[in-house]
Number of protein chains: 2
Amino acid sequence: MDPAVSPSPVAVDLVVFAVTDGDLKVLLVRRQAPPFRGTWALPGDAVDLGDMGRRSGEDLRAAAQRVFRTHTGLARDSAWLQQLLAFGRSGRDPRGRVITVAWWSLIRPELLSLIGTRNQMEWFSIGEEVPWMRLALDHAEILAAGADALRARVEQPDVLFELVPQSFTVAEIQAAESAILDRTTDARNFRRRFQRWIDAGLVEQAPGKRHLGRSRPAKVWRPTCRVPGHPEDRSAG
Amino acid sequence: MDPAVSPSPVAVDLVVFAVTDGDLKVLLVRRQAPPFRGTWALPGDAVDLGDMGRRSGEDLRAAAQRVFRTHTGLARDSAWLQQLLAFGRSGRDPRGRVITVAWWSLIRPELLSLIGTRNQMEWFSIGEEVPWMRLALDHAEILAAGADALRARVEQPDVLFELVPQSFTVAEIQAAESAILDRTTDARNFRRRFQRWIDAGLVEQAPGKRHLGRSRPAKVWRPTCRVPGHPEDRSAG
DNA sequence: AGAATAGTGTCTATCAGACATTATTTG
DNA sequence: CAAATAATGTCTGATAGACACTATTCT
């Protein structure tokens, strides 16, 4: 197939977030094929639409999960994926007319080590390092929309839970929020909100404690058991 | 062209809202062509993708505007349109694999008379009348998502402004909010919020008063002049 | 005067931001 | 005990819900 022509008019692109070292990071990959070969881009791929009848092709969510697995090596089940928006400006892709459905995804810090630095990919700190001006296609625009969506929803505990370890201390989850919003909340006020999450039954204490250095050990918490992960949103496929 | 085969793998569908008679209504059209001929559906159409290279086709937003104009007869400029989500479950369309990008739209009550009851279309009250179980394709799902999006954003004055006349009384805009949320807010508490909109410079008094029956006339308000209408969101097309 | 709707004010609970203090561990 | 981080509590201002009264018009 001619690599300069898109194999499908519909694609998916992922804005994959993680929090490490107190920074909100996004996963970018170096494009292996033209156009924009060698430039940083969001992980994405064409959606297999089938052949307009007989072969049924893959669902949008399945395509997003496939891209997630291809680039991270993680099981598709461990992917928290939510649809963002469709981007389809005529002329956004030099290969032809391609509509892309963008998704945002969250990865826990514990899983990052499993990903490693394989292939041509890298985590970029949203605040500083992202080479915004040099992203392929309209990916800068998509990434900005993804960051907006994340920031808009980070107040909801369930989003935050996907960006910290399965069990966490109050300080850890607060640090995650700070990284996303890029501002420090007062620890005491944050704890008060956290207390409400406890009262509402959103979190429960996990066994064990955690302590670093020579200080008082912190209690460990976890989200109260729901079915693990995966928001079932309407845009499922 | 074979009407049983979709002309394009990408479509747009519109969830068009209006408030009349104290009810939140949505515009449905009777499908003229198979499949689902004769059933109620959201207004929508295939997106012209061009020919994958030479002809550039139309932007997603342009397609949504075109559908808006086709079905309402209103100028595309008067369309408040915001992207909702893409729906692309394999098998959602019996004609083949079609991804649809859904938009939600708001129409002021003053414009409703211009639309009339042309063609095969009708306004249905969300609460009661919508024949949910009998909508074509996955339009019930799309409509539900659209209603959710509207309810989630109705607290923001700018959304509410698009569902009332260009100039309105406090009672009128409160009635619109009540219709959308399907619950009555206390008039005095609503007025207090409205006072804050005045203080923030979101609304200003318009000339004239309005009075019905034998009661005290009400002041008339309007949004402070911004460029008329049209949210410029990132998903522009 | 009476009916009807417009507009203003009060009391209270909840929540966010700013800020001080006590508690528990290691060295 | 000193250092370091965990955890709790107080004061204040903004906002939402419940509720009572005054104002202006028409009949």
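So you know, we letter chains A, B, ... as the sequences are listed, proteins then strands, and number each from 1.
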Starting at atom [atom1] of [X], determine the distance to atom [atom2] of [N], rounded to an integer number of angstrom.
X	N	atom1	atom2	result
Ile198(B)	dA6(C)	CD1	C1'	13 Å
Arg216(B)	dT24(D)	CZ	P	6 Å
Leu212(A)	dA6(D)	CG	P	8 Å
Lys209(A)	dT24(C)	NZ	C1'	9 Å

**Study point:** Verdict with supporting geometry, Glu141(B) and Arg89(B), salt bridge (charged side-chain N to carboxylate O under 4.0 Å, His left out)
**Key:** CA-CA 11 Å; Glu141(B) 197 183 344; Arg89(B) 200 182 57 246; 3.3 Å; yes
**Study point:** Close aromatic pair by centroid cut-off 6.0 Å: Phe194(A) and Trp221(A)
**Key:**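 Yes: the rings meet the under 6.0 Å criterion.
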Check your understanding: Between Phe124(B) and Trp40(B), is the ring centre distance below 6.0 Å?
Key ->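 They qualify: ring centres under 6.0 Å apart.
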Point to revise | Leu106(A) side, atom CG; Leu163(A) side, atom CG - distance, nearest 0.5 Å | key: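 These two atoms lie 4.5 Å from each other.
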Review point. Do the side chain of Arg214(A) and the base of dA3(D) come within less than 3.5 angstrom through a donor-acceptor pair of N or O atoms?
Key: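 No pair found.
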Review point. Checking side chain to side chain contact (heavy atoms under 4.5 Å, CB included) against Ser105(B), which of Val16(B), Val67(B), Val15(B) comes through?
Key: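 So, applying the side chain to side chain contact (heavy atoms under 4.5 Å, CB included) to Ser105(B) and each of Val16(B), Val67(B), Val15(B), only Val16(B) qualifies.
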Practice item. Please work out which residues in residues 180-197 of chain B have a non-hydrogen atom less than 4.0 Å from an atom of DNA chain C and list them by number. Key: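 Residues of residues 180-197 of chain B that come under 4.0 Å of DNA chain C are, in numerical order, Arg188(B), Arg191(B), Arg192(B).
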Charged N to carboxylate O under 4.0 angstrom, [X] versus [Y]?
X	Y	answer
Lys25(B)	Asp23(B)	no
Asp59(B)	Arg61(B)	no
Asp148(A)	Arg151(A)	yes

Check your understanding: For DNA chain D, what residues of residues 164-173 of chain B have any heavy atom nearer than 4.0 Å?
Key ->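 Close to the strand, none.
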